[in-house]
Amino acid sequence: MQKFYITTPLYYVNDKPHIGHAFATVTADIMARWHRLNGEKVFFLTGTDEHGEKNQKAADAKGMTPQQYVDGLADIYKGVWKDLNISYDGFVRTSSPAHEEAASRFVELMNKSGDIYKGEYEGWYCIPDETFFTDLQLVDGRCPDCGREVKKVKEESYFFKLSEYQQRLLDHYASHPQFLSPELRADEIKNRVKAGLKDLSITRAAIKWGVPFPLDKSRTVYVWVEALVGYLSGIGWRSKESEALWPADTHLVGKEINWFHAVVWPAMLMSAGLQIPKRIFAHGWWTVDGKKMSKSVGNVVDPVEMVRKYSADTFRYFLVREKPISEDGDFSEKAMITRINGELVADLGNLVSRTLTLTGRFNGPIAGRPELESHLRLDKITERMDRFDPFGALEEIWSFVRASNKYVNEKAPWKLEGAELSNSLYNLLEACRILSILVSPYMPETSEKLNAQLGVSPGTLKDCRFMEWKGNAVRGEHLFRKIE
RNA sequence: AGCGGGGUAGGGUAGCAUGGAGUGCCCGCCGGGCUCAUAACCCGGAGAUCGGUGGUUCAAAUCCACCUCCCGCUACCA
């Protein structure tokens, strides 16, 4: 059986999830559900990145231990994913003992390869922000975040010989064109790697809330290096199951963390002697009402509120329908309402509604010839999904919805009777049944409702063709409520 | 500054690699049809000097050069 292992980023838990987190997680969920429909052995991992100074300080301020503090945050994430109907198979937390052990073991493997050495890190440090910057990042010699003065700091540190992997990385990119996805991000990474790689400092002396560095327990492992290992610890690295799942098929990541996944992570895996994931897919960002989302502007979109207001299915639908996964796009409730009323209510909901009303008026057996089948482009839908394009697949699915609505107008079943009426109903009912399957990764609850009204059991991709009608259709409530 | 991406009807996009009538899609607008359907559905129409200038060519949204505007990334900030 074919397997499919997909991950979301392990979210840094400095706050509750916003639309960006929801977008990545919903997208990964849709892909996971799609591959399950295809009969594959799927493992869908998400989780939280919980170490680092920020969490330690936040915990101190609340008089809690860091562990207590991040426990609460991890629960918030899990709660939101439940609200959004996320079907994850694993949830990895970087503060868990299993993860710490895995991270430690990983560092030891890198060390065995001779890729770790002790050196000195030098950088510009902004004391109030507690952040290091490189020469390039400074703005007029000052902190790019707060504009205050920075201080040159030297710190003893262990390094990973990232620079030695330049050629192997470039070779890998060349021989695995899909690895850097989407294409428009590929050159960005290739050119930067071509320009040369610096070794990566992988320990922190000052940060206590982290995984102890195995070669020198007075330090902790740099959070990034450690968090990446979460993709292994999250599937129980070195267990039988993890052997069958690795390498990951897709790491879905935000474009801002593409570097770590497309450069640092494969180099680390090469060093540790492990296989490289098949695809790193960098997704785009959301603006909100045309503006960059930020707390200070106060336009942060809360997914929980959207679910409460519009339902999980409609919010999920909007997130993947409004823009291509790889592009940036704008979120507004107005745009969402337009999509709900126009595409869900008027296209899909209306198709089901008119089909079931017409069916309800007919008493005879339902059978016919597949006249609508040529409008169903399952090959195109599958091709889009294979390219990690659930947005494009939705376009194809909707062209079938439109063709079906058109079929109703052309056939005018209300004027037909007998075998011709039966034939038109057959086509519409089969179209609805197939649509229910195709839409299920995006809107699982809607698919269930539709199946119940059609009187059919959930199908798989194999059932997405016109067969004999075997359902028992009874008109029920509207699938979607129009937003006035 | 370096590297990368982009500027196509009122808005959003596809098309560009392999040049061939401004061709497609969604929203909005105008008109018509239908009456099964949540005034939903279907058909038709208006609306674009394809960011600008110059070049290559019989022919440029598409290729080349320059200009201009917007955006992203720039590694120890997760």
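Every chain is numbered from 1 and lettered A, B, ... according to where its sequence line falls, protein lines coming before strand lines.
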Student: Output all residues satisfying side chain to side chain donor-acceptor pair (under 3.5 Å) with A/Ser404, sequence neighbours left out; order by chain, then residue number.
Tutor: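 A/Ser404 satisfies side chain to side chain donor-acceptor pair (under 3.5 Å) with no other residue.
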Student: Applying a 4.0 Å non-hydrogen cut-off, can you work out what A/Tyr11 is touching in the nucleic acid: base, sugar-phosphate, or nothing?
Tutor: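 The answer is nothing, as A/Tyr11 stays clear of every strand by at least 4.0 Å.
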Student: When the side chains of residues 184-191 of chain A are checked against the rest of the protein, which donor-acceptor pairs come out under 3.5 Å, sequence neighbours left out?
Tutor:
from	atom 1	to	atom 2	distance (Å)
A/Arg185	NH1	A/Glu188	OE1	3.4
A/Asn191	ND2	A/Asp187	O	3.4

Student: Roughly how far apart, to the nearest Å, are B/C64 and B/G2 at atom C1'?
Tutor: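 Approximately 23 Å lies between the C1' atom of B/C64 and that of B/G2.
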Student: Please enumerate all protein N or O atoms sitting under 3.5 Å from an N or O of nucleotides 31-35 of chain B, with distances to 0.1 Å.
Tutor:
from	atom 1	to	atom 2	distance (Å)
B/G33	N2	A/Asn409	ND2	3.3

Student: Report each atom pair, protein N/O against N/O of nucleotides 68-72 of chain B, whose distance is under 3.5 angstrom.
Tutor:
from	atom 1	to	atom 2	distance (Å)
B/G72	OP1	A/Lys292	NZ	3.2

Student: Testing A/Arg93, A/Glu50, A/His51, A/Glu226 one by one against A/His99 for a side-chain hydrogen bond (donor to acceptor under 3.5 Å, both in side chains), which residue passes?
Tutor: A/Glu226
Student: Can you tell me the distance, in whole Å, between the CD1 atom of A/Ile483 and the P atom of B/A40?
Tutor: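 About 14 Å, once rounded to whole Å.
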Student: Distance check, C1' atoms only: B/C16 and B/A61, in whole angstrom units.
Tutor: 7 Å
Student: Holding to ring pair (Phe, Tyr, Trp, His ring centres under 6.0 Å), I want the full list of residues that pass it with A/Tyr310, two or more places apart in sequence or in another chain.
Tutor: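 Checked A/Tyr310 against ring pair (Phe, Tyr, Trp, His ring centres under 6.0 Å); zero matches.
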Student: Please tell me which of the listed nucleotides, B/C41, B/A37, B/C42, lies nearest to the side chain of A/Ala346?
Tutor: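 Looking only at side-chain atoms, A/Ala346 lies closest to B/C41.
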Student: Between A/Phe400 and A/His375, is the ring centroid distance below 6.0 Å?
Tutor: no
Student: Measure CZ/A/Arg481 against C1'/B/U38 and give the value in whole Å, please.
Tutor: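 Going from CZ in A/Arg481 over to C1' in B/U38 covers 12 Å.
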Student: Rounded to the Å, how far apart are A/Asn405 CG and B/C26 C1'?
Tutor: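 Taking atom C1' of B/C26 as the reference, CG of A/Asn405 is at 15 Å.
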Student: How many whole angstroms separate atom CG of A/Asn341 from atom C1' of B/C26?
Tutor: 15 Å
Student: Would you mind classifying the nucleic acid contact of A/Arg321 as base, sugar-phosphate or nothing, using non-hydrogen atoms under 4.0 angstrom?
Tutor: nothing
Student: Can you work out whether A/Pro413 or A/Glu327 has the more 5'-proximal nearest nucleotide on RNA chain B?
Tutor: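 Closest to the 5' end, via its nearest nucleotide, is A/Glu327.
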Student: Centres of the A/Phe179 and A/His172 rings: under 6.0 Å?
Tutor: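 Yes; A/His172 has its ring centre under 6.0 Å from that of A/Phe179.
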Student: What's the closest nucleotide to the A/Trp259 side chain, out of B/A40, B/C42, B/A75?
Tutor: B/A75
Student: Nearest-Å distance, CD1 (A/Ile189) to P (B/G2)?
Tutor: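 That distance rounds to 20 Å.
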Student: Got a list of side-chain donor-acceptor pairs under 3.5 Å for residues 471-484 of chain A, not counting sequence neighbours?
Tutor:
from	atom 1	to	atom 2	distance (Å)
A/Arg475	NE	A/Thr357	OG1	2.5
A/Arg475	NH2	A/Ser353	OG	2.5
A/Arg475	NH2	A/Thr357	OG1	3.4

Student: Assuming nearest nucleotide by heavy-atom distance, tell me which of A/Val264 and A/Leu358 is located more 5' along RNA chain B.
Tutor: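 In this pair, the answer is A/Leu358.
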Student: In whole Å, measure the gap between the C1' atoms of B/C26 and B/U18 for me.
Tutor: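 To the nearest whole Å, 29 Å.
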Student: If you measure from the C1' atom in B/A40 to the same atom in B/G24, how many Å do you get, rounded?
Tutor: 25 Å
Student: For nucleotides B/U62 and B/G7, find the distance between their C1' atoms and express it as a whole number of Å.
Tutor: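 Roughly 15 Å separates the two C1' atoms.
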Student: Among B/A75, B/C27, B/A40, find the nucleotide with the atom closest to the side chain of A/Lys198.
Tutor: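 Of B/A75, B/C27, B/A40, B/A75 is nearest to the side chain of A/Lys198.
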Student: Where is the tightest heavy-atom contact between A/Arg354 and A/Leu351, given as atom of each residue plus distance?
Tutor: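 The pair with the smallest heavy-atom distance is CG-O, 3.4 Å.
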Student: Rounded to the Å, how far apart are A/Asp330 CG and B/G6 P?
Tutor: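 It is 20 Å, rounded to the nearest whole Å.
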Student: Please test A/Thr220 against A/Lys208 for side chain to side chain contact (heavy atoms under 4.5 Å, CB included), starting from the C-alpha separation and ending with a verdict.
Tutor: CA-CA 7 Å; A/Thr220 54; A/Lys208 297 295 167 217; 5.6 Å; no
Student: Counting any heavy atom closer than 4.0 Å, what does A/Leu344 reach on the DNA or RNA strands: base, sugar-phosphate only, or nothing?
Tutor: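 It contacts nothing in the nucleic acid.
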Student: Quickly work out the A/Ile337 CD1 to B/U38 C1' distance and round it to whole Å.
Tutor: 16 Å
Student: Given the P atoms of B/U35 and B/G47, what is the spacing between them in whole Å?
Tutor: 32 Å
